[in-house]
Amino acid sequence: MDRCTGIIRQRLKKTWHLIFSKRPYEYVGRFFVKLMPESYQTRVRNEFFTARGPTGILADIVRAELNRQYYSSKTVEEMRKRDREMFWGATPGKRWHEFTKARYNEQDPHHREFLQPRRLLARQISDLLASSTRYQTICEVGTGNGMFLHDLSKQCPSIKRFIGVDLNKEQILENRQTYRGTELEFVHGEITDWIQYQCDGGTIFVAIETFEFFTQKELEELFHHIREQVSAAAIAILALAESSAGSEVVSRPRGSIAFNHNYLYLLKQCDYQVFRQDIQHGIPYDMICLLAIAPS
Ligand SMILES: C[S@@+](CC[C@H](N)C(=O)[O-])C[C@H]1O[C@@H](n2cnc3c(N)ncnc32)[C@H](O)[C@@H]1O
(Lines give C-alpha, C1' and ligand atoms only; values in the text may rest on other atoms or scores of the structure.)
Protein backbone atom coordinates (compact mmCIF):
# COMPACT_ATOMS: atom_id res chain seq x y z
CA MET A 1 0.00 0.00 0.00
CA ASP A 2 2.83 2.37 1.01
CA ARG A 3 4.75 1.57 -2.15
CA CYS A 4 1.61 2.14 -4.21
CA THR A 5 1.00 5.56 -2.57
CA GLY A 6 4.64 6.46 -3.24
CA ILE A 7 4.32 5.64 -6.93
CA ILE A 8 1.07 7.62 -7.24
CA ARG A 9 2.73 10.59 -5.52
CA GLN A 10 5.71 10.48 -7.85
CA ARG A 11 3.43 10.32 -10.91
CA LEU A 12 1.32 13.23 -9.67
CA LYS A 13 4.50 15.21 -8.99
CA LYS A 14 5.87 14.54 -12.47
CA THR A 15 2.56 15.48 -14.10
CA TRP A 16 2.42 18.72 -12.08
CA HIS A 17 5.95 19.70 -13.11
CA LEU A 18 5.19 18.95 -16.75
CA ILE A 19 2.37 21.52 -16.66
CA PHE A 20 3.51 24.11 -14.12
CA SER A 21 6.90 25.72 -13.46
CA LYS A 22 6.57 26.20 -9.67
CA ARG A 23 5.81 23.94 -6.72
CA PRO A 24 2.06 23.70 -5.86
CA TYR A 25 2.25 25.75 -2.66
CA GLU A 26 3.87 28.66 -4.48
CA TYR A 27 0.52 29.18 -6.21
CA VAL A 28 -1.66 28.81 -3.12
CA GLY A 29 0.76 30.32 -0.58
CA ARG A 30 -0.70 33.79 -0.61
CA PHE A 31 -4.08 32.44 0.60
CA PHE A 32 -2.66 29.99 3.16
CA VAL A 33 -0.34 32.57 4.67
CA LYS A 34 -3.34 34.76 5.59
CA LEU A 35 -4.58 31.92 7.81
CA MET A 36 -1.29 31.47 9.66
CA PRO A 37 -0.61 33.24 12.96
CA GLU A 38 1.57 36.33 12.59
CA SER A 39 3.92 35.02 15.30
CA TYR A 40 4.67 31.89 13.24
CA GLN A 41 5.34 33.93 10.11
CA THR A 42 7.71 36.17 12.09
CA ARG A 43 9.63 33.12 13.35
CA VAL A 44 10.09 31.91 9.76
CA ARG A 45 11.02 35.38 8.48
CA ASN A 46 13.58 36.00 11.25
CA GLU A 47 15.51 32.93 10.07
CA PHE A 48 14.88 33.59 6.37
CA PHE A 49 18.59 33.54 5.45
CA THR A 50 19.72 30.89 7.93
CA ALA A 51 16.80 28.42 7.57
CA ARG A 52 17.22 27.58 11.27
CA GLY A 53 13.62 28.41 12.17
CA PRO A 54 10.51 26.27 11.70
CA THR A 55 10.80 23.59 9.02
CA GLY A 56 8.28 21.62 6.96
CA ILE A 57 5.71 22.49 4.36
CA LEU A 58 4.11 25.39 6.30
CA ALA A 59 7.49 27.10 6.69
CA ASP A 60 8.20 26.48 2.99
CA ILE A 61 4.89 28.12 2.11
CA VAL A 62 5.74 31.22 4.16
CA ARG A 63 9.24 31.45 2.61
CA ALA A 64 7.90 31.04 -0.92
CA GLU A 65 5.30 33.74 -0.25
CA LEU A 66 7.95 36.14 1.11
CA ASN A 67 9.98 35.57 -2.07
CA ARG A 68 6.93 36.05 -4.27
CA GLN A 69 6.06 39.35 -2.59
CA TYR A 70 9.66 40.55 -2.89
CA TYR A 71 10.07 39.70 -6.57
CA SER A 72 6.68 41.16 -7.45
CA SER A 73 7.56 44.59 -5.99
CA LYS A 74 6.53 47.23 -8.49
CA THR A 75 9.49 49.58 -8.12
CA VAL A 76 13.13 49.42 -7.05
CA GLU A 77 12.22 51.77 -4.18
CA GLU A 78 9.61 49.28 -2.94
CA MET A 79 12.22 46.50 -2.99
CA ARG A 80 14.73 48.65 -1.14
CA LYS A 81 12.11 49.40 1.50
CA ARG A 82 11.40 45.69 1.94
CA ASP A 83 15.14 45.02 2.21
CA ARG A 84 15.59 47.64 4.92
CA GLU A 85 12.44 46.87 6.90
CA MET A 86 11.97 43.12 6.51
CA PHE A 87 15.22 41.47 5.42
CA TRP A 88 18.82 42.71 5.54
CA GLY A 89 18.10 45.84 7.56
CA ALA A 90 16.09 43.88 10.14
CA THR A 91 16.32 40.77 12.35
CA PRO A 92 16.87 38.25 9.47
CA GLY A 93 20.03 40.15 8.43
CA LYS A 94 21.37 40.31 11.99
CA ARG A 95 20.67 36.59 12.53
CA TRP A 96 22.55 35.75 9.32
CA HIS A 97 25.61 37.73 10.39
CA GLU A 98 25.59 36.01 13.81
CA PHE A 99 25.22 32.65 12.09
CA THR A 100 28.16 33.22 9.70
CA LYS A 101 30.36 34.68 12.42
CA ALA A 102 29.84 31.60 14.61
CA ARG A 103 30.43 29.30 11.63
CA TYR A 104 33.61 31.05 10.52
CA ASN A 105 34.95 30.88 14.05
CA GLU A 106 35.24 27.12 13.62
CA GLN A 107 38.59 26.32 12.08
CA ASP A 108 37.58 24.25 9.05
CA PRO A 109 34.78 26.50 7.67
CA HIS A 110 36.99 29.51 8.41
CA HIS A 111 39.59 28.23 5.95
CA ARG A 112 37.34 26.55 3.41
CA GLU A 113 34.40 28.94 3.24
CA PHE A 114 35.76 32.25 4.51
CA LEU A 115 39.48 32.52 3.73
CA GLN A 116 39.85 30.57 0.47
CA PRO A 117 37.41 32.48 -1.75
CA ARG A 118 38.27 35.83 -0.19
CA ARG A 119 41.99 35.22 -0.57
CA LEU A 120 41.57 35.33 -4.35
CA LEU A 121 39.90 38.74 -4.20
CA ALA A 122 42.43 40.03 -1.66
CA ARG A 123 45.20 39.04 -4.08
CA GLN A 124 43.52 40.93 -6.93
CA ILE A 125 43.28 44.02 -4.71
CA SER A 126 46.95 43.70 -3.67
CA ASP A 127 47.93 43.47 -7.36
CA LEU A 128 45.98 46.65 -8.10
CA LEU A 129 47.60 48.49 -5.19
CA ALA A 130 51.04 47.34 -6.36
CA SER A 131 50.34 48.72 -9.83
CA SER A 132 48.98 52.14 -8.83
CA THR A 133 49.21 54.65 -5.99
CA ARG A 134 45.83 56.24 -6.80
CA TYR A 135 43.85 54.33 -4.18
CA GLN A 136 43.68 55.47 -0.56
CA THR A 137 40.34 54.12 0.65
CA ILE A 138 38.66 50.73 0.75
CA CYS A 139 34.89 50.73 1.19
CA GLU A 140 33.17 47.41 1.79
CA VAL A 141 29.61 47.51 0.49
CA GLY A 142 27.46 45.27 2.72
CA THR A 143 30.20 44.68 5.26
CA GLY A 144 28.05 42.46 7.53
CA ASN A 145 30.08 41.45 10.59
CA GLY A 146 33.19 43.25 9.26
CA MET A 147 35.46 40.18 9.34
CA PHE A 148 36.76 40.59 5.79
CA LEU A 149 37.31 44.34 6.11
CA HIS A 150 39.38 43.59 9.21
CA ASP A 151 41.43 41.03 7.25
CA LEU A 152 41.97 43.50 4.41
CA SER A 153 43.14 46.21 6.80
CA LYS A 154 46.03 43.93 7.77
CA GLN A 155 46.90 43.10 4.17
CA CYS A 156 46.80 46.56 2.58
CA PRO A 157 49.21 48.86 4.47
CA SER A 158 49.09 51.59 1.78
CA ILE A 159 45.35 52.17 2.35
CA LYS A 160 44.51 55.04 4.70
CA ARG A 161 40.79 54.49 5.36
CA PHE A 162 38.76 51.29 5.73
CA ILE A 163 35.01 51.84 5.76
CA GLY A 164 32.28 49.23 6.06
CA VAL A 165 28.77 50.26 5.00
CA ASP A 166 25.71 48.14 5.73
CA LEU A 167 21.91 48.38 5.94
CA ASN A 168 21.79 46.61 9.30
CA LYS A 169 22.05 49.19 12.07
CA GLU A 170 22.31 46.68 14.92
CA GLN A 171 25.22 44.93 13.18
CA ILE A 172 27.01 48.22 12.50
CA LEU A 173 26.73 49.22 16.18
CA GLU A 174 28.09 45.80 17.18
CA ASN A 175 31.01 46.14 14.71
CA ARG A 176 31.94 49.50 16.23
CA GLN A 177 32.27 47.76 19.60
CA THR A 178 34.05 44.67 18.24
CA TYR A 179 36.63 46.71 16.30
CA ARG A 180 36.99 49.52 18.84
CA GLY A 181 40.58 50.79 18.85
CA THR A 182 41.23 49.67 15.24
CA GLU A 183 41.32 51.90 12.17
CA LEU A 184 38.04 50.50 10.80
CA GLU A 185 35.03 52.82 10.39
CA PHE A 186 31.47 51.50 10.17
CA VAL A 187 28.55 53.37 8.63
CA HIS A 188 24.89 52.41 8.73
CA GLY A 189 22.97 53.12 5.50
CA GLU A 190 22.58 52.64 1.75
CA ILE A 191 25.81 52.60 -0.23
CA THR A 192 24.47 55.18 -2.71
CA ASP A 193 23.89 57.68 0.14
CA TRP A 194 27.40 57.12 1.44
CA ILE A 195 28.87 57.75 -2.02
CA GLN A 196 26.77 60.87 -2.43
CA TYR A 197 27.75 62.51 0.85
CA GLN A 198 30.94 60.99 2.24
CA CYS A 199 33.05 59.33 -0.45
CA ASP A 200 36.59 60.49 -1.35
CA GLY A 201 38.37 59.96 -4.66
CA GLY A 202 40.69 56.96 -4.90
CA THR A 203 38.25 54.40 -3.46
CA ILE A 204 38.13 50.66 -4.07
CA PHE A 205 34.59 49.35 -3.50
CA VAL A 206 34.56 45.76 -2.32
CA ALA A 207 31.42 43.62 -2.37
CA ILE A 208 31.40 40.05 -1.09
CA GLU A 209 28.16 38.23 -1.88
CA THR A 210 26.34 41.55 -1.65
CA PHE A 211 25.54 42.54 -5.24
CA GLU A 212 23.37 39.42 -5.59
CA PHE A 213 20.89 41.33 -3.42
CA PHE A 214 20.74 44.32 -5.78
CA THR A 215 18.35 44.32 -8.72
CA GLN A 216 19.88 44.79 -12.17
CA LYS A 217 18.61 48.37 -12.28
CA GLU A 218 20.08 49.14 -8.85
CA LEU A 219 23.42 47.67 -9.86
CA GLU A 220 23.51 49.58 -13.14
CA GLU A 221 22.69 52.79 -11.27
CA LEU A 222 25.37 52.08 -8.68
CA PHE A 223 28.06 51.43 -11.31
CA HIS A 224 27.10 54.68 -13.09
CA HIS A 225 26.98 56.59 -9.83
CA ILE A 226 30.49 55.43 -8.83
CA ARG A 227 31.84 56.31 -12.27
CA GLU A 228 30.27 59.79 -12.18
CA GLN A 229 30.92 60.71 -8.54
CA VAL A 230 34.24 59.13 -7.60
CA SER A 231 37.50 60.02 -9.27
CA ALA A 232 39.83 57.01 -9.47
CA ALA A 233 37.45 54.24 -8.44
CA ALA A 234 37.62 50.47 -8.68
CA ILE A 235 35.10 47.74 -7.90
CA ALA A 236 36.08 44.33 -6.51
CA ILE A 237 33.36 41.68 -6.59
CA LEU A 238 33.06 38.20 -5.15
CA ALA A 239 29.70 36.73 -6.05
CA LEU A 240 27.88 33.52 -6.87
CA ALA A 241 26.00 33.07 -10.14
CA GLU A 242 24.58 30.22 -12.19
CA SER A 243 26.98 29.47 -15.04
CA SER A 244 24.29 30.46 -17.58
CA ALA A 245 24.41 34.06 -16.21
CA GLY A 246 27.64 34.65 -18.16
CA SER A 247 25.76 34.47 -21.44
CA GLU A 248 22.65 36.41 -20.38
CA VAL A 249 22.13 40.15 -20.34
CA VAL A 250 19.00 40.22 -18.19
CA SER A 251 19.42 39.34 -14.50
CA ARG A 252 17.08 36.67 -13.15
CA PRO A 253 15.77 35.99 -9.62
CA ARG A 254 17.78 33.32 -7.82
CA GLY A 255 16.95 31.61 -4.51
CA SER A 256 16.00 33.86 -1.62
CA ILE A 257 15.50 37.49 -2.70
CA ALA A 258 18.72 37.28 -4.77
CA PHE A 259 19.59 37.71 -8.46
CA ASN A 260 21.92 36.10 -10.99
CA HIS A 261 23.87 38.90 -12.64
CA ASN A 262 26.23 38.96 -15.57
CA TYR A 263 28.73 41.23 -13.78
CA LEU A 264 31.17 41.41 -16.64
CA TYR A 265 28.47 42.60 -19.01
CA LEU A 266 27.09 45.17 -16.56
CA LEU A 267 30.53 46.60 -15.82
CA LYS A 268 31.48 46.79 -19.49
CA GLN A 269 28.18 48.55 -20.26
CA CYS A 270 29.40 51.31 -17.92
CA ASP A 271 32.86 51.36 -19.56
CA TYR A 272 34.74 49.74 -16.65
CA GLN A 273 37.94 47.94 -17.59
CA VAL A 274 38.56 44.52 -16.13
CA PHE A 275 41.82 44.38 -14.19
CA ARG A 276 41.58 40.76 -12.99
CA GLN A 277 39.00 38.03 -13.34
CA ASP A 278 38.78 34.49 -11.96
CA ILE A 279 35.81 32.18 -12.30
CA GLN A 280 35.67 29.00 -10.24
CA HIS A 281 33.13 26.62 -11.66
CA GLY A 282 30.93 24.85 -9.14
CA ILE A 283 27.54 23.26 -8.59
CA PRO A 284 25.00 24.79 -8.40
CA TYR A 285 26.84 28.12 -8.68
CA ASP A 286 30.06 29.47 -10.13
CA MET A 287 32.09 31.82 -8.00
CA ILE A 288 32.94 35.05 -9.79
CA CYS A 289 35.90 37.00 -8.51
CA LEU A 290 36.67 40.14 -10.44
CA LEU A 291 38.22 43.55 -10.10
CA ALA A 292 37.38 46.35 -12.52
CA ILE A 293 38.58 49.93 -12.84
CA ALA A 294 36.38 52.91 -13.62
CA PRO A 295 37.41 54.93 -16.68
CA SER A 296 39.26 58.11 -15.71
C1 LIG B 1 24.97 38.29 2.07
S2 LIG B 1 25.34 39.66 3.07
C3 LIG B 1 27.10 39.70 2.86
C4 LIG B 1 27.80 40.26 4.06
C5 LIG B 1 29.33 40.22 4.00
N6 LIG B 1 29.86 40.88 2.82
C7 LIG B 1 29.87 38.82 4.08
O8 LIG B 1 30.49 38.31 3.17
O9 LIG B 1 29.62 38.20 5.13
C10 LIG B 1 24.80 41.05 2.12
C11 LIG B 1 24.93 42.34 2.91
O12 LIG B 1 24.72 43.44 2.02
C13 LIG B 1 24.04 44.46 2.74
N14 LIG B 1 23.38 45.35 1.75
C15 LIG B 1 22.46 45.00 0.83
N16 LIG B 1 22.10 46.07 0.09
C17 LIG B 1 22.83 47.12 0.55
C18 LIG B 1 22.91 48.50 0.21
N19 LIG B 1 22.17 49.01 -0.77
N20 LIG B 1 23.77 49.29 0.89
C21 LIG B 1 24.52 48.77 1.90
N22 LIG B 1 24.49 47.47 2.27
C23 LIG B 1 23.66 46.65 1.62
C24 LIG B 1 23.08 43.71 3.64
O25 LIG B 1 22.66 44.45 4.74
C26 LIG B 1 23.92 42.49 4.03
O27 LIG B 1 24.60 42.70 5.23
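- Electrostatic pairing of Glu242 and Arg252 counts as a salt bridge here, judged by a charged N lying under 4.0 Å from a carboxylate O.
- Within the 3.5 Å criterion, the main-chain N or O of Phe223 finds a donor-acceptor partner in the side chain of Tyr272.
- No path of Ile, Leu, Val, Met, Phe, Trp and Tyr side chains, each step under 4.5 Å between heavy atoms, connects Phe213 with Val141, placing them in separate hydrophobic clusters.
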Check the pair Arg84 / Glu77 against salt bridge (Lys or Arg N to Asp or Glu O under 4.0 Å), numbers first and verdict last.
CA-CA 11 Å; Arg84 281 193 304 261; Glu77 199 33 60; 3.5 Å; yes
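- Two residues are said to be in side-chain contact when any heavy atoms from C-beta on lie closer than 4.5 Å; Leu222 and Phe205 fail this criterion.
- Salt bridge status for Lys94 with Glu98: present, with a side-chain N to carboxylate O gap under 4.0 Å.
- In this structure, the side chain of Asn67 engages the main chain of Ile257 through a donor-acceptor pair within 3.5 Å.
- A donor-acceptor pair is defined here as one N or O able to donate and one able to accept, closer than 3.5 Å; such a pair exists between the side chain of Thr210 and the backbone of Ile208.
- Between Asp83 and Arg80 no salt bridge is recorded (no basic side-chain N to carboxylate O distance below 4.0 Å).
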Walk me through whether His281 and Asp286 qualify under side chain to side chain donor-acceptor pair (under 3.5 Å).
CA-CA 4 Å; His281 296 286; Asp286 290 347; 3.1 Å; yes
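- Between Glu113 and Arg103, at least one side-chain N (NZ, or NE/NH1/NH2) sits under 4.0 Å from a carboxylate O, which counts as a salt bridge.
- Comment: Arg161 does not engage Glu140 in a salt bridge, judged by the lack of any side-chain N to carboxylate O separation of less than 4.0 angstrom.
- Ion pairing of Glu65 with Arg68 is present here, as a side-chain N (NZ or NE/NH1/NH2) and a carboxylate O approach within less than 4.0 Å.
- There is no path of hydrophobic side-chain contacts, each under 4.5 Å, that joins Leu267 to Leu121.
- The aromatic rings of Tyr179 and His150 sit tilted, their planes meeting at an angle between 30° and 60°.
- Cluster annotation: Leu184 and Leu152 are assigned to the same hydrophobic cluster (Ile/Leu/Val/Met/Phe/Trp/Tyr, side-chain heavy-atom contacts under 4.5 Å, transitive).
- Taking a cutoff of 4.0 Å between a charged side-chain nitrogen and a carboxylate oxygen, Glu78 and Lys74 do not qualify as a salt bridge.
- With hydrogens and angles disregarded, no donor-acceptor distance shorter than 3.5 Å links the side chain of Asp60 to the backbone of Thr55.
- The NZ atom of Lys101 sits 7.0 Å away from the CG atom of Asn105 when rounded to the nearest 0.5 Å.
- For the pair Glu209 (side chain) and Leu240 (backbone), a donor-acceptor distance under 3.5 Å is absent.
- In terms of modelled atom types and a separation under 3.5 Å, the side chain of Gln269 and the main chain of Leu266 share no donor-acceptor contact.
- The neighbour count for Glu170 CD, taken as heavy atoms of other residues, nucleotides or ligands under 6.0 Å away, does not exceed 12.
- Here the side chain of Gln124 pairs a donor or acceptor atom with the backbone of Cys289 at under 3.5 angstrom.
- Linking Ile, Leu, Val, Met, Phe, Trp and Tyr whenever their side-chain heavy atoms come within less than 4.5 Å puts Leu129 and Leu120 in one cluster.
- In this structure, Arg119 fails the cation-pi test against Phe114, since its NZ or CZ atom is not both closer than 6.0 Å to the six-membered ring centre and inside 45 degrees of the ring normal.
- Remark: side-chain polar atoms of Thr100 are paired, donor with acceptor, to backbone N or O of His97 under 3.5 angstrom.
- Asn262 places no side-chain N or O within donor-acceptor distance of the main-chain N or O of Val249, the cut-off being under 3.5 Å.
- Residues Met287 and Ile279 are not in side-chain contact: their nearest non-hydrogen atoms beyond the backbone lie 4.5 Å or more apart.
- Ile191 is not connected to Met79 by any chain of hydrophobic side-chain contacts under 4.5 Å among Ile, Leu, Val, Met, Phe, Trp and Tyr, and they are in different clusters.
- Counted by atom type alone, Thr192 and His225 present zero donor-acceptor pairs between their side chains at under 3.5 Å.
- Using a 4.0 Å cut-off between charged side-chain N and carboxylate O, Glu221 and Lys217 make a salt bridge.
- Looking at every heavy atom in both residues, Met86 comes nearest to Pro92 through O-CG, 3.2 Å.
- Not one N or O on the side chain of Tyr285 forms a donor-acceptor pair closer than 3.5 Å with the backbone of Asn260.
- Here the closest non-hydrogen pair linking Ala90 and Glu85 is CB-O, 3.5 Å.
- Looking at Arg227 and Asp271, a side-chain N of the basic residue comes within less than 4.0 Å of a carboxylate O on the acidic one, giving a salt bridge.
- Using cut-offs of 30° and 60° on the angle between ring planes, the pair Phe259 and Tyr70 is tilted.
- Scanning for ring-ring contact (aromatic ring centres under 6.0 Å, His included) contacts around Phe48 gives Phe87, with sequence neighbours left out.
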